[in-house]
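Residue numbering restarts at 1 for every chain, and letters A, B, ... go by the order of the sequence lines.
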Amino acid sequence: MKFFMIEQVFSQNIENWYRNNKRDLPWRHHPEPYFVWLAEIVFQQTQIAQGLSYYKRLLKAFPTVNALANAQQDEVLKLWEGLGYYSRARNLHLTAQILNSRKQLPQTAAEWLKLPGVGPYTAAAITSVCFGERVACVDGNVLRVIARTHFITDDIRKSTTVKTIQALVNSLIEYADDPGDFNQGLMEIGATVCKPKAPQCNRCPLQYECAFYRSEALPSAVPFKSKPQKRKVRHLHFYYSSKAEDVFLFKRNDKDIWGGLYVLPFEESNGKDCPSSTINASLIKKNTHLLTHQQIHYYIWDMESWYHSPVELKHFSRFVKGRDLPALPRPLQQFFNESFAKM
DNA sequence: AACCCGGGGTC
DNA sequence: GACCCAGGGTT
């Protein structure tokens with residue numbers, strides 16, 4: 001008769017389940033650091049279904065660290081256009097240039113952690129999968145799964161709760177056969193079985209180790225997550241000329257939203273009224289764009305010509321309509337698609 | 001520790 | 001409309 005500690009059962013169940021149930025994802029065929037690093041950056045706060053085509057496009061355009069390092073930032077951002085959280089693309093590019101000057105890529109989480117855009121989660125994911133380092137990945141999935149199995153009811157938005165769970169999984173991974181499989185398995189269970197609203201406990205490999213399953217608790221009760229703050233309301237007035245043959249755009253800085261992307265000249269107002277109410281322009285589009293933390297009411301004003309712009313244009317660049325434009329925020333990307341389609 | 005940073009999918 | 005997502009940086 002052989003006896004196992006609960007931690008051993010836990011990790012073995014995860015790894016065995018993962019080897020039989022893992023999804024077929026591109027970077028899992030050849031888990032090299034560059035492929036895994038790129039994947040981890042693309043899929044930060046991004047579901048697989050949403051980011052997969054972006055990952056493939058980026059890898060095709062930049063098959064190596066060297067290729068990525070030698071690209072222009074605008075090229076990288078253009079391929080990232082629409083995916084959001086654009087600092088990921090800027091830091092990805094910056095880190096590629098740092099790595100490109102070295103002989104080899106880092107092999108420990110501590111070394112990866114020093115690079116821009118690489119935090120505790122990403123560093124652990126890369127080195128556990130590629131080098132078998134025994135460091136736990138704690139993402140949104142892991143927080144939910146562990147909060148349930150161990151019935152942790154603290155607010156998972158609190159950094160103290162994340163630290164508790166990080167320490168807990170770090171102790172569990174000591175018993176793993178393959179730390180990479182353990183980490184990916186735990187996340188995969190969260191993504192495909194232990195879902196937020198309707199967990200499929202009947203097919204979960206941790207069913208008999210799970211305090212949540214044994215309890216009468218509702219899925220919505222564990223994990224507990226405090227309410228997010230309300231969206232900030234903003235009004236943005238963009239200026240455009242449908243008659244002109246060209247477009248004026250400027251590259252935004254890294255502060256505020258859409259850093260590194262290009263936008264039309266615009267002004268912001270506190271209310272709905274256009275700050276330049278005296279200009280001779282007609283409203284051609286009005287809509288609302290929702291971000292996680294902002295509700296953006298945007299207005300696009302059609303001017304007779306760029307000469308009528310209320311915004312100084314000397315720092316803007318001209319682009320020909322219909323030609324390839326640089327990376328744009330979603331609202332402007334949509335607007336140009338609509339308006340150029342009619343031309 | 002709190003706040004900022006996107007966009008799409010789901011119920 | 002509320003909530004979720006293979007998080008990280010800044011203040």
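OP1 or OP2 of B/dG8 sits under 4.0 Å from a side-chain N or O of A/Arg330. At the phosphate of B/dC5, OP1 or OP2 sits under 4.0 Å from a side-chain N or O atom of A/His293. Contact check, A/His289 against B/dG6: no side-chain N or O comes under 4.0 Å of OP1 or OP2.
For A/Phe43 and A/Trp27, the ring centers sit closer than 6.0 Å to each other.
Between A/Gly117 and A/Asn141, it is A/Asn141 whose nearest contact on DNA chain C lies nearer the 5' terminus. In terms of position on DNA chain C, the residue among A/Gln50 and A/Leu115 whose nearest nucleotide sits closer to the 5' end is A/Gln50. Where A/Gln47 and A/Asp254 each meet DNA chain B at their nearest nucleotide, the meeting point lying more 5' is that of A/Asp254.
For residues 85-105 of chain A, every residue pair satisfying the salt bridge (charged side-chain N to carboxylate O under 4.0 Å, His left out) rule, not counting sequence neighbours, is listed here: A/Arg90-A/Asp254.
Near-neighbour residues of DNA chain B inside residues 159-196 of chain A, defined by a heavy atom below 4.0 Å, number-ordered: A/Ser159, A/Thr160.
Taking only side-chain atoms of A/Gln44, from C-beta outward, the nucleotide of B/dG6, C/dA6, C/dG8 with the closest atom is C/dG8. Comparing C/dA6, C/dC5, C/dC3 against the side chain of A/Thr292 picks out C/dC5 as the nearest. When distances run from any side-chain atom of A/Arg144 to the nucleotides B/dC5, C/dC3, C/dC4, the shortest one goes to C/dC4.
Counted by atom type alone, A/Gln73 and A/Lys251 present one or more donor-acceptor pairs between their side chains at under 3.5 Å. Between the side chains of A/His289 and A/Tyr298, no donor-acceptor pair is found at a separation under 3.5 Å.
Ion pairing of A/Arg330 with A/Glu81 is absent here, as no side-chain N (NZ or NE/NH1/NH2) approaches a carboxylate O to less than 4.0 Å. Remark: A/Asp181 engages A/Arg19 in a salt bridge, criterion side-chain N to carboxylate O under 4.0 Å.
Nucleotide C/dT10 holds its P atom 8 Å from the NZ atom of A/Lys255, rounded to whole Å. Rounded to whole Å, atom P of C/dA6 lies 9 Å from atom CZ of A/Phe43.
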